Chemist: 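For reference, the structure I am asking about is given below.
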Amino acid sequence: MSKGTLFDKVWDLHTVGTLPSGQTQLFIGLHLIHEVTSPQAFAMLRERGLKVLYPDRTVATVDHIVPTEDQARPFADVLAEEMMQALEANTKDYGIRFYNVGSGHQGIVHVIAPEQGLTQPGMTVACGDSHTSTHGAFGAIAFGIGTSQVRDVLASQTLALSKLKVRKIEVNGQLAPGVYAKDVVLHIIRTLGVKGGVGFAYEFSGSTFEQMSMEERMTVCNMAIEGGARCGYVNPDQVTFDYLKGRDFAPQDADWDKAVAWWTSIRSDDDAEYDDVVTFEAADIEPTITWGITPGQGIGISEDIPVAENLANSDRALAEEAYKYMQLTPGHPIKGTKVDVCFIGSCTNGRLSDLQEAAKFAQGHHVSAGIKAFVVPGSEQVKVAAEAEGLDKIFTEAGFEWREPGCSMCLAMNPDKLQGDQISASSSNRNFKGRQGSSTGRTLLMSPAMVVAAAVKGEVADVRELI
């Protein structure tokens with residue numbers, strides 16, 4: 001088993017005890033909730049006459065179901081309005097901080113917690129959302145959990161979990177122009193597989209990650225779950241500290257120096273032992289895009305859609321299923337595939353730096369005729385900051401729609417949905433069948449910059465041609 005890693009240190013510091021099942025009872029430092037997985041959890045509390053043990057350690061927002069065009073209440077979708085009302089009532093009844101629409105702090109849960117300084121190194125973080133692994137970018141151990149576990153954390157501030165193994169994923173070197181954090185994580189997942197991380201925590205390390213901004217690190221950790229890992233993290237460093245300093249919930253004054261000293265101490269030891277180590281070279285990574293129905297079915301933009309006969313036997317049946325569903329021909333280039341919808345946003349790529357980079361390529365170009373293209377900021381703060389820089393004008397002048405914050409078409413639990421068998425170029429995190437709102441809709445995952453290139457060309461294109 002691993003020894004001396006950040007994961008081991010944080011796990012041990014948060015261990016309350018060992019349960020008869022052999023699982024660890026782990027204390028959760030920060031619990032994030034939203035409108036989709038919390039109503040049933042609160043109902044279970046009420047049925048048992050239980051209180052929220054530490055309401056000050058739980059923070060709520062609304063993101064999945066909020067419309068990104070007309071946010072007037074009541075919402076047109078009756079179920080969405082019911083979810084909103086439930087969250088408003090539950091947070092009020094139990095004394096939980098709630099960032100509602102119009103508060104100035106609302107947004108996608110995995111965007112607002114970091115920007116508020118709620119997420120900090122050495123924490124354990126839980127949320128009823130699979131992409132909670134995002135918070136590992138800060139050197140936290142963050143878990144996506146189910147509704148019954150949301151109940152458990154509300155009632156006890158603990159979770160019953162089995163300890164994970166730790167795989168060190170090292171990427172070294174400088175990324176080429178047009179290659180981004182999204183390409184890095186898609187490359188890792190295509191190599192190790194969507195089940196490669198089952199039973200593991202992923203520690204992302206190496207000079208490539210050291211050069212990344214916090215928002216880029218969040219993109220990578222966000223998709224650790226897509227590689228099968230329960231969580232992913234990056235050791236905290238000066239980049240982490242610079243990002244956190246001065247944020248609303250970050251330590252202040254003398255407490256700041258103490259916090260930085262402690263955060264530094266929990267980094268993985270130089271002689272830490274890992275259960276597995278995998279290395280990559282940044283120079284081998286090009287703009288990467290998915291072609292199939294899992295995030296692991298990805299290829300470089302210069303590659304052809306793989307032929308089943310060239311794949312491992314275990315991958316062939318899924319490939320045949322993907323060819324049929326995606327209506328793509330094996331052996332043909334992915335470049336040039338026609339698209340219908342281009343979406344920039346999500347907890348993976350809806351932060352300010354994502355929009356800034358995408359705007360660089362949108363400026364001076366225009367969305368191709370017949371393409372629906374839109375940009376959804378990850379939070380109200382991101383929207384305000386982007387508008388202050390004039391990014392909204394750049395996008396609208398280029399033919400993109402500029403929307404209100406929310407999860408939007410990432411999972412389409414709101415009006416933003418694909419129609420029929422439309423194919424989307426999406427900066428989100430999942431390309432499963434029906435993920436974006438239509439049972440026959442098709443999703444190609446890529447970086448925000450690549451989404452712009454697809455919007456401009458009307459087809460899958462190499463963003464490096466727009467540089």
Side-chain angles (χ1 to χ4, degrees), residues 11 14-66 73-75 77-101 103 106-110 112-113 118-119 123-135 140-164 225 230-231 347 406-407 411-414:
W11 186 278
H14 290 79
T15 295
V16 176
T18 302
L19 300 170
S21 64
Q23 291 180 301
T24 299
Q25 184 182 17
L26 201 69
F27 183 82
I28 300 302
L30 175 64
H31 186 203
L32 303 168
I33 62 173
H34 54 77
E35 75 283 8
V36 176
T37 53
S38 67
Q40 306 93 321
F42 281 109
M44 288 186 275
L45 287 189
R46 287 190 170 90
E47 288 170 5
R48 291 162 174 78
L50 298 173
K51 296 180 180 180
V52 175
L53 186 60
Y54 295 120
D56 57 322
R57 290 188 176 272
T58 297
V59 177
T61 192
V62 57
D63 53 10
H64 286 62
I65 55 89
V66 291
R73 300 285 298 277
F75 291 155
D77 185 323
V78 175
L79 181 57
E81 178 62 26
E82 288 177 356
M83 287 182 171
M84 276 291 290
Q85 292 181 16
L87 187 60
E88 288 168 336
N90 287 325
T91 52
K92 182 180 179 181
D93 291 349
Y94 290 95
I96 292 169
R97 183 186 300 272
F98 176 37
Y99 293 124
N100 204 343
V101 174
S103 66
Q106 175 267 337
I108 305 174
V109 65
H110 308 310
I112 69 158
L118 287 160
T119 307
M123 275 188 167
T124 47
V125 182
C127 176
D129 185 279
S130 14
H131 295 100
T132 308
S133 53
T134 306
H135 305 269
I141 302 303
F143 304 98
I145 57 177
T147 298
S148 62
Q149 291 175 305
V150 173
R151 172 205 63 196
D152 294 346
V153 178
L154 289 170
S156 72
Q157 207 61 41
T158 65
L159 279 176
L161 296 168
S162 298
K163 191 174 182 182
L164 302 168
I225 187 73
R230 188 69 192 273
C231 63
C347 62
C407 290
L411 79 171
M413 289 183 70
N414 51 73

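Every heavy atom of this structure was used, including side-chain atoms; hydrogens, water molecules and symmetry mates were not. All figures in this text were calculated on a predicted structure; none of them were measured in a lab.
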Chemist: Please examine the side chains of Leu26 and Trp11, heavy atoms only from C-beta on, and report whether any two atoms are closer than 4.5 Å.
Modeler: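 Yes, their side chains come closer than 4.5 Å.
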Chemist: Are the side chains of Arg97 and Tyr99 in contact, using a 4.5 Å heavy-atom criterion?
Modeler: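 They are in side-chain contact.
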Chemist: If you measure from NE2 on His135 to SG on Cys347, what distance do you get to the nearest 0.5 Å?
Modeler: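 Going from NE2 on His135 over to SG on Cys347, the span is 8.5 Å.
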Chemist: For the residue pair Thr158 and Gln25, confirm or rule out a side-chain donor-acceptor distance under 3.5 Å.
Modeler: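 Looking only at side-chain atoms, Gln25 and Thr158 do form a donor-acceptor pair, the distance falling under 3.5 Å.
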Chemist: Treating Arg73 as the side-chain partner and Met84 as the backbone partner, does any N or O pair qualify as donor plus acceptor under 3.5 Å?
Modeler: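 Side chain of Arg73 to backbone of Met84, a donor-acceptor pair under 3.5 Å: no, none is there.
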Chemist: Please list, chain by chain and in numerical order, all residues satisfying side-chain hydrogen bond (donor to acceptor under 3.5 Å, both in side chains) with Thr18, sequence neighbours excluded.
Modeler: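 Not a single residue meets the side-chain hydrogen bond (donor to acceptor under 3.5 Å, both in side chains) criterion with Thr18.
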Chemist: Any heavy-atom pair between the side chains of His110 and Thr119 that's under 4.5 Å?
Modeler: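 When only atoms from C-beta onward are counted, His110 and Thr119 do not touch, as no gap falls below 4.5 Å.
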Chemist: Please name all residues satisfying salt bridge (charged side-chain N to carboxylate O under 4.0 Å, His left out) with Asp93, sequence neighbours left out, ordered by chain then number.
Modeler: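 For Asp93 the salt bridge (charged side-chain N to carboxylate O under 4.0 Å, His left out) partners, ignoring immediate neighbours, are Arg46.
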Chemist: Any non-hydrogen side-chain atom of Arg48 less than 4.5 Å from a side-chain atom of Arg151?
Modeler: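 Side-chain contact under 4.5 Å: yes.
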Chemist: Would you confirm whether Thr124, through its side chain, and Gly29, through its main-chain N or O, come within 3.5 Å as a donor-acceptor pair?
Modeler: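 It does hold such a pair.
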Chemist: Compare all side-chain heavy atoms of Gln106 with those of Asn100 and state whether any distance is below 4.5 angstrom.
Modeler: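 Side-chain contact under 4.5 Å: no.
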Chemist: Keeping the roles fixed (side chain from Glu35, backbone from Asp63), state whether a donor-acceptor pair exists under 3.5 Å.
Modeler: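 Present.
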Chemist: Counting only heavy atoms from other residues, nucleotides and ligands, does the tally under 6.0 Å from OH of Tyr94 exceed 12?
Modeler: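 Yes, OH of Tyr94 has more than 12 neighbouring heavy atoms, counting only those of other groups under 6.0 Å.
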Chemist: With sequence neighbours left out, write down each residue that passes salt bridge (charged side-chain N to carboxylate O under 4.0 Å, His left out) with Glu82, or none if nothing qualifies.
Modeler: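 For Glu82, no residue satisfies salt bridge (charged side-chain N to carboxylate O under 4.0 Å, His left out) once neighbours in sequence are set aside.
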Chemist: To the nearest 0.5 Å, tell me how far Leu53 CG sits from Ile28 CD1.
Modeler: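 Those atoms lie 13.0 Å apart.
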Chemist: Output, in order, the C-alpha distance, side-chain angles, deciding distance and verdict of side-chain contact (heavy atoms from CB on, under 4.5 Å) for His34 and Cys127.
Modeler: CA-CA 8 Å; His34 54 77; Cys127 176; 4.0 Å; yes
